[in-house]
Amino acid sequence: MFTSNPFAALSASIPTVYMQGYIVVMFLLVMGGTILDMLHKKSAQYFFENAKKAKKSAKRSVGGGEKVAIATSVLVKEVLTSGEFDNPRRRLSHLLTMWGTIIFIVTTAIMIFSPSSTSTLLPQLWHIGALMLAVGGYWFWFFIRADVAAEGLSSFRLERADLFILSLLATSTFALIWSFTGGGLTVFFALFILSSTVLFGGVYWSKFAHMFFKPAAAFQKRVIMADGGRENLPPDYDLTDPEVQRKFPDVPTYMGKNPPNMGLCIKAERANHY
Ligand code: HEM
């Protein structure tokens, strides 16, 4: 079961060309949904206007070579290894969800577009991808997301914002059940297709497009730090520096000449007081 292409067996009931057409339609829905989302939220317009505004507070200009280095570092840290997550559980859960989804989608497309392939690796990767997505996703849904972990709300409370994670979970769960129960044209196959259609067709209403926007935002955030603009935020002062103490005399008055570095207050304690 793990080593045979479940879509090749399905071609006895559904012509391969229909399956290929479905993949193309889903691809177009993702592109269309992302463009509509961008137009509706005016996120691209905001992004460029904000970048222009931030440039005005820049203290130095960031050259082409430095921008390439920043882009490479965003690719390695924020995109490939989910480095924006400070909390290791959130980071690991996001890594499982993201890489599981990528492996699952890519292997699905390859198996459907090359039905005569006898590779046993592809179906194995397909199952591993779906399993990674399910593990990372259910972990996030039941234990990690803020409304449950910090705000103490029920795991079963649903909002429109949950469309993305729930359609991801439904797609991977029904795909696995469909395969484990022998594949073919069954009710589990119908549920698998229904949930994946909601996942790819619901981009406009879900958080799907964050995977395209977040890398651009991470890049912009780093450029703002590199050019010294810092979005007009104050610098990270060293409170023991006599120069800083002269500028802010309250510091030595209330905290002494050698104030300890207490770090970010937001990290002092886990948020669980709701
Ligand atoms: C296949 C690709 C990806 C999948 C399946 C995925 C999945 C998810 C999920 C399920 C969440 C939680 C959403 C929720 O609150 O309901 C999330 C949040 C997040 N993702 Fe991704 N992600 C992907 C790609 C990326 C990429 C490429 C980046 C960054 C470069 C990224 C950065 C983030 C960040 C910062 C959050 C937390 C903040 C927020 O919810 O807006 N993700 N992602």
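Numbers here are sequence positions counted from 1. Indexing begins at 1, ligand by ligand and atom by atom, following the structure's order. Values in this document were obtained by computation on a predicted structure and should not be read as measured data.
- Residue contacts with ligand 1: Ala218 is excluded, as none of its non-hydrogen atoms falls under 4.0 Å.
- When the options His210, Lys214, Glu159, Lys207 are ranked by their closest heavy atom to atom 41 (O) of ligand 1, first place goes to Lys214.
- Protein heavy atom nearest atom 27 (C) of ligand 1, with residue, atom name and distance: Met211 O, 3.8 Å.
- Among all protein heavy atoms, the one lying closest to atom 34 (C) of ligand 1 is Phe85 CZ, 3.4 Å.
- Scanning all protein heavy atoms for the shortest distance to atom 5 (C) of ligand 1 gives Thr101 OG1, 3.4 Å.
- If you check which protein heavy atom lies closest to atom 25 (C) of ligand 1, you get His94 CE1, 3.5 Å.
- Counting heavy atoms only, Met98 comes closest to atom 3 (C) of ligand 1 of the residues Arg145, Glu84, Met98.
- The distance from the OH atom of Tyr237 to the NZ atom of Lys247 is 3.5 Å, given to the nearest 0.5 Å.
- For the ring pair (Phe, Tyr, Trp, His ring centres under 6.0 Å) with Phe7, the qualifying choice from Tyr22, Trp178, Tyr18 is Trp178, the only one to do so.
- Remark: the backbone N or O of Ser167 is paired with a side-chain donor or acceptor of Thr171 at under 3.5 angstrom.
- Counting only distance, with no hydrogens or angles, the side chain of Arg90 and the backbone of Arg145 share no donor-acceptor pair below 3.5 Å.
- Closest to atom 7 (C) of ligand 1 among all protein heavy atoms lies Phe164 CE2, 3.6 Å.
- Residue Trp99 places every heavy atom at 4.0 Å or more from ligand 1.
- Aromatic ring centres of Phe164 and Trp141 lie farther apart than the 6.0 Å criterion allows.
- A salt bridge is defined here as a Lys NZ or Arg NE, NH1 or NH2 lying under 4.0 Å from an Asp or Glu carboxylate O, and Asp86 with Arg91 fails to meet this definition.
- Residue Pro215 has at least one heavy-atom neighbour below 4.0 Å for each of these atoms of ligand 1: 30 (C).
- Residue Ser82 holds its OG atom at 9.0 Å from CH2 of Trp99, rounded to the nearest 0.5 Å.
- By the 6.0 Å contact criterion, CZ on Phe248 is enclosed, its count of non-hydrogen atoms from other residues, nucleotides or ligands being greater than 12.
- From the protein, the heavy atom lying nearest to atom 12 (C) of ligand 1 is Phe140 CZ, 3.5 Å.
- Residue Glu78 approaches ligand 1 through these ligand atoms, each under 4.0 Å from one of its heavy atoms: 29 (C), 30 (C).
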